[in-house]
Amino acid sequence: NVTVQFGDDTTLTAALLNGEIDVLYNLPSAEVENVEAMDGVSDYKYEQMTVNYIGLNQLTESLSDLRVRQALAYGIDKQALIDTVYGDGNAYVCDDVFPSNHWSHSDNVTVYDYDPAKSKELLEEAGYTMNDATGYYEKDGKTLHLTYDMSTSTDGKAVAALIQQQWKAIGVEMEVIEQDFATLAYTKLLPGEATEETTGDSFQCYTLGFGVEADPNEYNEYFSTSTGAGSWNFIHYSNPEVDTLIEQAQKESDNAKRMELYKEIQQKINDDAPWACLFYGTTCTGIRADLKGFVLHPSSANHYENLYYEK
């Protein structure tokens, strides 16, 4: 029998340490040292094929401007997020939408290194002026204010607080909106439980992790110009050149040629900055030391049917 238990990070970690549960998937980074110091508990780490990112809704007036999206990307100190929240070896800076450990990844893409001066320059090019009294940029009398939707988690809240500070430093006001994953997914990103299309009012920014499967074909769902009820292109990103390249990659059977096509796709998507990429995570799974048969899967889709205790 397999029993799945839900709860907050602290409660579940305590349950693992007390022997009340056998496996804790996605152990919070703050708890890793506690688990490693305990007898009777083991932990397994591996680099995820997952991109943690901020999606930018291009139906939002301010985010429809490429310069604003690029300014936001330049305004995030990704290494500081990792050092502060996750620690050494638990996450890695992410510069593009294709995971670094996936065969389709390319190192030759536009990189948005932390550059707050560049952020401000881009915002001013986009017509924003600084209100010295508030410390935020304005345009047409409106403060550059963005909402940031997130699924509640201990690490996620810490990351959000840091990004909020970093964006404030470049003159962007950020409002954090926390909710459970189901609310984020089925009222914001797939409204009406996927029966309605997202609009500029659905959300402005959201953060999630995207785990690519063996074949990057699924990027078609996120980045091709396909919108409507149930579309995974939540942010209404559209680039006809990317559409053409994705279609060519789907039809191409030669992997070397597909790789070249995906390199072009990555470059164009990064140039357009529909996502502000943050980091690749390292998943840590805690298990009881005497539990047998546990095998890590690189896609995070672990299998539990072969777990057992020796009698």
Side-chain angles (χ1 to χ4, degrees), residues 1-53 78-79 81-94 99-103 150-162 178-186 207-215 218 278-311:
N1 293 327
V2 176
T3 301
V4 179
Q5 183 173 329
F6 298 92
D8 63 82
D9 294 338
T10 302
T11 300
L12 290 177
T13 302
L16 176 68
L17 298 178
N18 294 333
E20 298 167 15
I21 60 176
D22 303 302
V23 180
L24 175 53
Y25 174 69
N26 209 13
L27 186 69
S29 55
E31 301 290 351
V32 172
E33 288 187 9
N34 294 334
V35 169
E36 291 178 339
M38 287 287 295
D39 292 331
V41 181
S42 299
D43 67 301
Y44 295 82
K45 292 182 182 179
Y46 61 98
E47 188 177 339
Q48 298 173 324
M49 287 197 293
T50 299
V51 176
N52 292 277
Y53 69 95
K78 293 176 277 191
Q79 190 60 56
L81 301 182
I82 293 168
D83 293 342
T84 304
V85 179
Y86 296 97
D88 186 46
N90 292 318
Y92 305 90
V93 167
C94 170
S100 60
N101 56 348
H102 195 274
W103 66 265
M150 59 168 287
S151 175
T152 302
S153 72
T154 301
D155 291 344
K157 287 195 285 187
V159 168
L162 287 169
E178 292 184 45
Q179 61 245 284
D180 59 49
F181 176 76
T183 301
L184 174 59
Y186 296 112
T207 184
L208 279 179
F210 174 76
V212 67
E213 300 295 339
D215 194 291
E218 66 177 313
L278 301 176
F279 50 83
Y280 307 105
T282 297
T283 290
C284 185
T285 297
I287 73 166
R288 301 301 304 173
D290 54 346
L291 183 64
K292 309 296 183 182
F294 181 77
V295 179
L296 286 171
H297 192 281
S299 71
S300 305
N302 295 317
H303 296 276
Y304 302 102
E305 62 268 21
N306 295 321
L307 298 180
Y308 66 95
Y309 286 104
E310 291 181 345
K311 295 183 179 180

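Interatomic distance, OG1 of T50 versus CG of L208, reported as 11.0 Å (0.5 Å rounding). Taken from CG in D290 to CG in D22, the straight-line distance is 8.5 Å, to the nearest 0.5 Å. The CG atom of N90 lies 11.0 Å from the CG atom of D83; values are rounded to the nearest 0.5 Å. Separation of atoms CG (L24) and OG1 (T285) is listed at 7.5 Å; rounding is to 0.5 Å. Between T13 atom OG1 and M38 atom CE the span is 11.5 Å, to the nearest 0.5 Å.
Between the K292 side chain and the E310 main chain, no donor and acceptor come within less than 3.5 Å of each other. In this structure a side-chain-to-backbone donor-acceptor pair under 3.5 Å is present from Q179 to M150. Remark: side-chain polar atoms of R288 are paired, donor with acceptor, to backbone N or O of L16 under 3.5 angstrom. Although no hydrogens or angles enter the test, the distance criterion places no donor-acceptor pair under 3.5 Å between the side chain of S151 and the main chain of D180.
Contact between I82 and Y92 at its shortest, heavy atoms only, is CD1-C, 3.4 Å. Across all their heavy atoms, C94 and V51 have their closest contact at SG-CG1, 3.5 Å. In plain terms, the two heavy atoms of F279 and A91 that are nearest each other are CD1-CB, 4.3 Å.
Residues T207 and L278 meet the side-chain proximity criterion, which asks for heavy atoms closer than 4.5 Å.
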Requested in this report: Carefully, step by step, assess V23 and L291 under the rule side-chain contact (heavy atoms from CB on, under 4.5 Å).
Outcome: CA-CA 9 Å; V23 180; L291 183 64; 3.6 Å; yes
For the pair V41 and L17, evaluate side-chain contact (heavy atoms from CB on, under 4.5 Å) and give the outcome as yes or no after the intermediate values. CA-CA 7 Å; V41 181; L17 298 178; 4.3 Å; yes
